[in-house]
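The block underneath contains the structure these notes are about, expressed in structure tokens.
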Amino acid sequence: MLDELDINFLLSLYEYKFNYEKKVNFEELGFENSKHAAYHLHKLKNLAYIRFKEEEAFHQGGMEDEKYNNNVLEIFPEKLEFEEKGIEEVKKQL
């Protein structure tokens, strides 16, 4: 089940990818930090809403965050791609 953060992320990514409205700002979407956002990105990937190669989409370093189980310092939204299911979800929300 998708929560509000997941849906808002999908909508923001759609605007970035297809409407070129604005960059994806994870803090404005309600994420605590890049580790929090990466946690949700993995969730969306596992549910087949988006796809990405971790080594291309994330800049990682430092210690792994215990809460979010990752060490993502930066996310590159241009490396995130929609699966058909993700596009259908966005269209349902619009």
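Note: hydrogens, waters and symmetry copies are ignored here, and every other heavy atom, side chains too, is used. We count residues from 1, following the sequence as given. All values derive from a computational prediction rather than experimental measurement.
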### Task
For the pair Glu89 and Lys92, evaluate salt bridge (Lys or Arg N to Asp or Glu O under 4.0 Å) and give the outcome as yes or no after the intermediate values.
CA-CA 5 Å; Glu89 181 64 32; Lys92 191 168 75 174; 3.3 Å; yes

### Message
Quick test of your reading: applying salt bridge (Lys or Arg N to Asp or Glu O under 4.0 Å), list the pairs with at least one residue in residues 34-48, sequence neighbours left out, ordered by first then second residue.
### Response
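Checked against salt bridge (Lys or Arg N to Asp or Glu O under 4.0 Å) - neighbours excluded - the pairs reaching residues 34-48 are Asp3-Lys43, Asp6-Lys43.
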
### Task
Using the salt bridge (Lys or Arg N to Asp or Glu O under 4.0 Å) rule, collect all pairs that involve residues 49-66, keeping only residues at least two apart or in two chains.
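The answer is Arg51-Glu83.
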
Report the distance from atom [atom1] of [X] to atom [atom2] of [Y], rounding to the nearest 0.5 Å.
X	Y	atom1	atom2	value
Leu47	His40	CG	NE2	11.5 Å
Leu41	Lys79	CG	NZ	15.0 Å
Leu44	Leu10	CG	CG	5.0 Å
Leu11	Gln93	CG	CD	6.0 Å
Phe18	Ile87	CZ	CD1	4.5 Å

If you look at every heavy atom in [X] and [Y], which pair is closest and at what distance?
X	Y	answer
Ala37	Phe31	CA-CD2, 3.6 Å
Asn71	Gly62	ND2-O, 3.4 Å
Pro77	Leu13	O-CD1, 3.9 Å
Val72	Ala38	CG2-CB, 3.6 Å

### Message
Between His42 and Phe58 (judged by ring centroids, cut-off 6.0 Å), do the two rings come close enough to count as a pair?
### Response
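Distance test on ring centres: under 6.0 Å, yes.
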
### Query
Run the side-chain contact (heavy atoms from CB on, under 4.5 Å) check on Phe82 and Val90 step by step: do they pass?
CA-CA 10 Å; Phe82 276 97; Val90 167; 3.9 Å; yes

### Transitive ILVMFWY cluster of Tyr39, excluding itself - 4.5 Å side-chain cut-off
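Other cluster members: Tyr68.
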
### Message
If hydrophobic residues (ILVMFWY) are linked whenever their side-chain heavy atoms come closer than 4.5 Å, directly or via other members, who joins Met1 in its cluster?
### Response
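Besides Met1, the cluster holds no residue at all.
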
### Query
Any side-chain heavy atom of Leu2 within less than 4.5 Å of one from Tyr49?
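Yes, close enough: below the 4.5 Å cut-off.
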
### Query
Quick check: does any side chain N or O of Ser34 sit under 3.5 Å from a backbone N or O of Ile75, one acting as donor and the other as acceptor?
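Here the side-chain-to-backbone pair does not exist.
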
### Query
Mind checking what makes salt bridge (Lys or Arg N to Asp or Glu O under 4.0 Å) contact with Lys91, not counting sequence neighbours?
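With sequence neighbours excluded, Lys91 shows a salt bridge (Lys or Arg N to Asp or Glu O under 4.0 Å) to no residue whatsoever.
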
#### Entry: By side-chain contact (heavy atoms from CB on, under 4.5 Å) - contacts of Glu27 (at least two apart)
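Expected list: Asn25.
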
